[in-house]
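Letters A, B, ... mirror the listed sequences (proteins, then strands); counts begin at 1. None of the values given here were measured: they were computed from a predicted structure.
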Amino acid sequence: MARHRDIRNMDYEDEYDGYDDIYGHSVDDDYYISPSNRQFIYNRENSRDSRFEHEDDIQEVDEFDELSDTDKAKLNSCIDQVKDTLGHVGVPKSQLVNLILTNKFNVELVINAILENSKSNPAAKDKVQLVPPTLATAKVVASTATATNVVKGFDLPQEVNQQRNAETPQKGLDFSFKFNSGSPRSQSPASGRGTPVSGTSAEGEEPRVGRREAKIDPEIQYRKERGNGKEHLYMVVIGHVDAGKSTLMGRLLCELGQVNKKTMHKYEQDSKKVGKQSFMYAWVLDETGEERNRGITMDVGRFLFETKSKQVTLLDAPGHKDFIPNMISGAAQADVGLLVVDATRGEFETGFDLGGQTREHAFLVRSLGVNQLAVAINKLDTVSWSQDRFEEILQKLKSFLKQAGFKESDVTFVPCSGLTGQNLIKAPTENELLRWYNGPCLIDVIDKFRSPSRPVTKPFRFSINDVFKGTGSGFCVDGRIETGVVNIGDKVLVCPNREQANVKSLSVDESPKTVAFAGDQATITLAGIDMQNVSIGNILCHLQTPVPVSNKFEARIVVFNISLPITKGYSIILHHQSLVEPAVVSKLTSQLNKSTGELQKKHPRFLTKNSSAIVEITVSKLIALEVYSDCKELGRVMLRVGGVTIAAGLITRIIL
Amino acid sequence: MKLIHKEIDKGGQGVVTLIPEEPEDMWHAYNLITEGDAVKSSTIRKVQSESSTGSSTSNRVRTILTITVESIDFDTQACMLRLKGRNIEENQYVKMGAYHTLDLELNRKFTLRKPEWDSVTLERIEMACDPTKSADVASVIMQEGLAYVCLITSSMTLVRAKIDVNIPRKRKGFAQQHEKGLTKFYEQVMQAILRHIDFDVVKCILIASPGFVRDQFFEYMFQMAVKLDNKLLLENKSKFMLVHASSGFKHSLKEVLQDPAVIVKMSDTKAAGEVKALEQFYTTLQCEPAKAFYGKKHIEIANEAQAIEMLLISDKLFRCEDVKLRKEYVHIVDTVRESGGDVRIFSSMHVSGEQLEQLTGIAAILRFPMPELEEDSDDEENS
């Protein structure tokens, strides 16, 4: 049953794209069908034919058949003559036949027509081959408009340009759309730029066209799907344990009306019962009993909310040092960060000075590619909104964050209080704060984050950070699409095992989608693979663009503040996306100057703190990874030892 | 191990007869026997005999054979040692030069003849025969979804079971999958403990993990023990010890063995000592890089200057097939001892030994800094 459904949904054009031989085609299908069964059996050959009909050579023959014998003979002699004079004819045979027929077997006219065509429209030549050969030249304009996309569409105006030579290509593009607007199908490629799809035009045709385009140009598809909505942003909340991350975010969500009053009331009552009333807001994000009882976040909590111009997915990372692996997998998915620090006297100092997680977290998120940071200086109510305290913390953090690699312009500081809800979504009401602060409130700062560009045109990469049984058949993997686009029905490869699977369904933020793009936090239901063979940290990619797999690679690392030097043979724990795997620094290739990147020393004996180096790392088993220059997201690694992050690295070379 | 007989002449040539008593003794034997040695032991061999009528029968006979060792296999899991080689003492069943594979057996004596007994091997015999052994310790090192059940003896860390389960994360609305996965995982770990840990032998069981996994597991295990009325577990509850570790991977065992509470309980076992020595080496490397070196070349130069205060060397280096190379290492050990240095021979079966092995297998802390050594290396490697 499943097999039949699959076949019906399959898009053969995509499916066979890139395969020379007919994939998955059994010889048996052709020969061993008993006649009585024939009608019940799905014949692939036939279905292929029917789909490719317009491109098949068969029609060509048909045309010949329509002609009388004498005409046929004339035609053949004409073709021969043309071939003799032009040598190799740069025109498909079918077109040639058409030309001959329209020119009434006049060889000279035909030759002239061909020459003119190739002279005036050299760029179109390539394209002509893409066009189904049976279409007459007169139809080319319309057919390209439907089948090709904007990039190729540049060829299209050229035809128009031939008539109106004065136009620049850019203008020509606009013009061509106007020109084409008569044909309903042609709208689909153009509708990308921010203009909402009108919906009435060619509703039935659109999914198919869209689907085909995805293979050719995902950017168009991306604009079409997401161009008109709010920008999506992933924000990770970090900070030392008990800085009030969950409480701050819980309060923010309450104020925004994302949590209904009834639930909040329940939390209030329940937390009172346990005797931890101050945790009531944190309970919005800490949902499991374990987390609530202990009063700390253990795994990354998620919540979706909206600001004026953005749709923000909140990732509430745990602050406790034992849960940094969880925090890393959360931060690896984030675009921007919110660092929460506790302003209480003594608390900030413990969190910030050596051993506290404030530093480690900031280093980590920076190394994981987060470059915009908001710093919420929390619990300022405990120091009676003292400006001195705010300034003191601000100065300390500023110099530290600069050292960690954040640009000063990308860091914003906001004084606030999570528990009392000051300066979260509204300007503060506290007089003491108003006296010296007139900056933006937290939600405005979040709103001002620039959302990064999504690399939708790159090959599809999806990093798995959870594997679970969903409802219905198959199982689900949860994770982030690092680059590229994925559609329902795509065949994907689960690396490093290189197992094949089908994308059965897709959902982003718990709403089903037919297509998902880079940057999305997606849940993919996989079919055709055993759940045992998929684990956290695996990478999904398309069959055509597999991700490299290796257990050895070279990386440029920046060593943090470590107490013991790194030597050859140092065993570490490697974090790569959600993957956590033991590894060994198998070779120290060279030590680099930290600021300039120049070679300082070849084959150093060891690496001390705050140095930079090129090293070779051997992982205990195969992992899927990419060179940083190819794919930033999959080219980053973290090295940890004994619960401390010792270095962050960029993969420079994969050693196979 | 029991030493029955020892006869070594001035030149170092001689014979030693030993009886292995514990699986760990096989490990010592593995480190003692090198290729080219002669081993005499009782063994079982299938003998084919032809009767006068021409029909042949085969039967198994127990006989004593002496072979020259050609290859050595050690199975770390079963602690079995197999020696393959040619017969050098003819008897009624086996001809001279016939191949035979000896399986050394527990509680059966074997005689080992070496052309040269060096200090390292003699020390090994002494160590193996030392009856005052420190406690055997079992350790469960775990994190969510991953657990190792290990036995730590004085010279080996044996991974008895590795449990690697995929536990779905918590998600809104359905935490049951997570809880179910976790319970299943705990169940598996508990079964592994029951199966692989012999509570009569083991004096202490360490449960190490990051976060709260160990507490949760401990709670679960004893809940189940009460439910199932498992006397074995309940009686030995006091042997369990909960320790912090940063991760569930095997090399976190290092952290566990450094935990002060564990050190007190284990007194001074070899494993803990090795971890400490390696730590010391790394600290020296950080603070005074000119006083800590690794790699054979550096060590040899430092040794010539009699600068080595503590030598860390992996026993794997003594197992090498190249006799000359082995002699060089033995020479280093001897001279360091002569000049009053401390020699630590790491067992390559411990986590610390594994790390040392990655670090070329040999490292040293010096008495005085030798900065010229550092520069030396640069020139050599650059040229």
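- When each of A:S571, A:P325, A:S620 is checked for heavy-atom pairs under 4.5 Å with chain B, A:S571 comes out on top.
- A distance-only check finds no donor-acceptor pair linking the side chain of A:D466 to the backbone of A:I536 [under 3.5 Å].
- For the set B:P289, B:C287, B:G181, B:A245, the count of heavy-atom pairs under 4.5 angstrom toward chain A peaks at B:P289.
- Looking only at heavy-atom pairs under 4.5 Å with chain B, the residue among A:T608, A:V644, A:D299, A:N465 that has the most is A:N465.
- The number of heavy atoms from other shown groups lying within 6.0 Å of NZ (B:K296) is above 12.
- Neither the backbone nor the side chain of A:R640 comes within less than 4.5 Å of any heavy atom of chain B.
- For A:S611 (side chain) and A:L607 (main-chain N/O), no donor-acceptor pair under 3.5 Å exists by modelled atom type.
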Test ring-ring contact (aromatic ring centres under 6.0 Å, His included) applied to B:Y282 and A:F606, step by step: CA-CA 10 Å; B:Y282 273 100; A:F606 59 92; 9.6 Å; no

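- Contact of B:E354 with chain A is not made at all, since no heavy-atom distance falls under 4.5 Å.
- Looking only at atom types and distance, the side chain of A:K609 has no donor-acceptor partner in the side chain of B:Q286 under 3.5 Å away.
- Distance alone, capped at 3.5 Å, places no donor-acceptor pair between the A:Q357 side chain and the A:H240 backbone.
- For chain B, the nearby parts of A:V467 are the backbone and the side chain; heavy atoms of each come within less than 4.5 Å.
- Proximity to chain B (any heavy atom under 4.5 Å) is restricted, for A:I562, to the backbone atoms N, CA, C and O.
- Heavy atoms closer than 4.5 Å to chain A are found nowhere in B:S209, neither backbone nor side chain.
- Within the 4.5 angstrom heavy-atom criterion, only side-chain atoms of A:M298, from C-beta onward, approach chain B.
- Of the residues considered (B:L359, B:L356, B:L285), B:L285 shows the highest number of contacts with chain A, using heavy-atom pairs under 4.5 Å.
- A cation-pi contact, defined as under 6.0 Å to the ring centre and within 45° of the axis, is absent between A:R480 and A:F462.
- For a residue to count as touching a neighbouring chain, one of its non-hydrogen atoms must lie under 4.5 Å from one of that chain's; by this rule A:V580 touches chain B with backbone and side chain alike.
- Contact of B:E255 with chain A is made through the side chain alone, with heavy-atom distances under 4.5 Å.
- At a 4.5 Å heavy-atom cutoff, the contact between A:S329 and chain B is made by side-chain atoms alone.
- Ring-centre distance between B:Y148 and B:F249: not below the 6.0 Å cut-off.
- Tested against B:Y186, the residues B:Q191, B:Q216, B:Q223 include a single side-chain hydrogen bond (donor to acceptor under 3.5 Å, both in side chains) partner, B:Q216.
- Using a 4.5 Å cut-off between heavy atoms, A:S563 contacts chain B through its backbone alone, with no side-chain atom that close.
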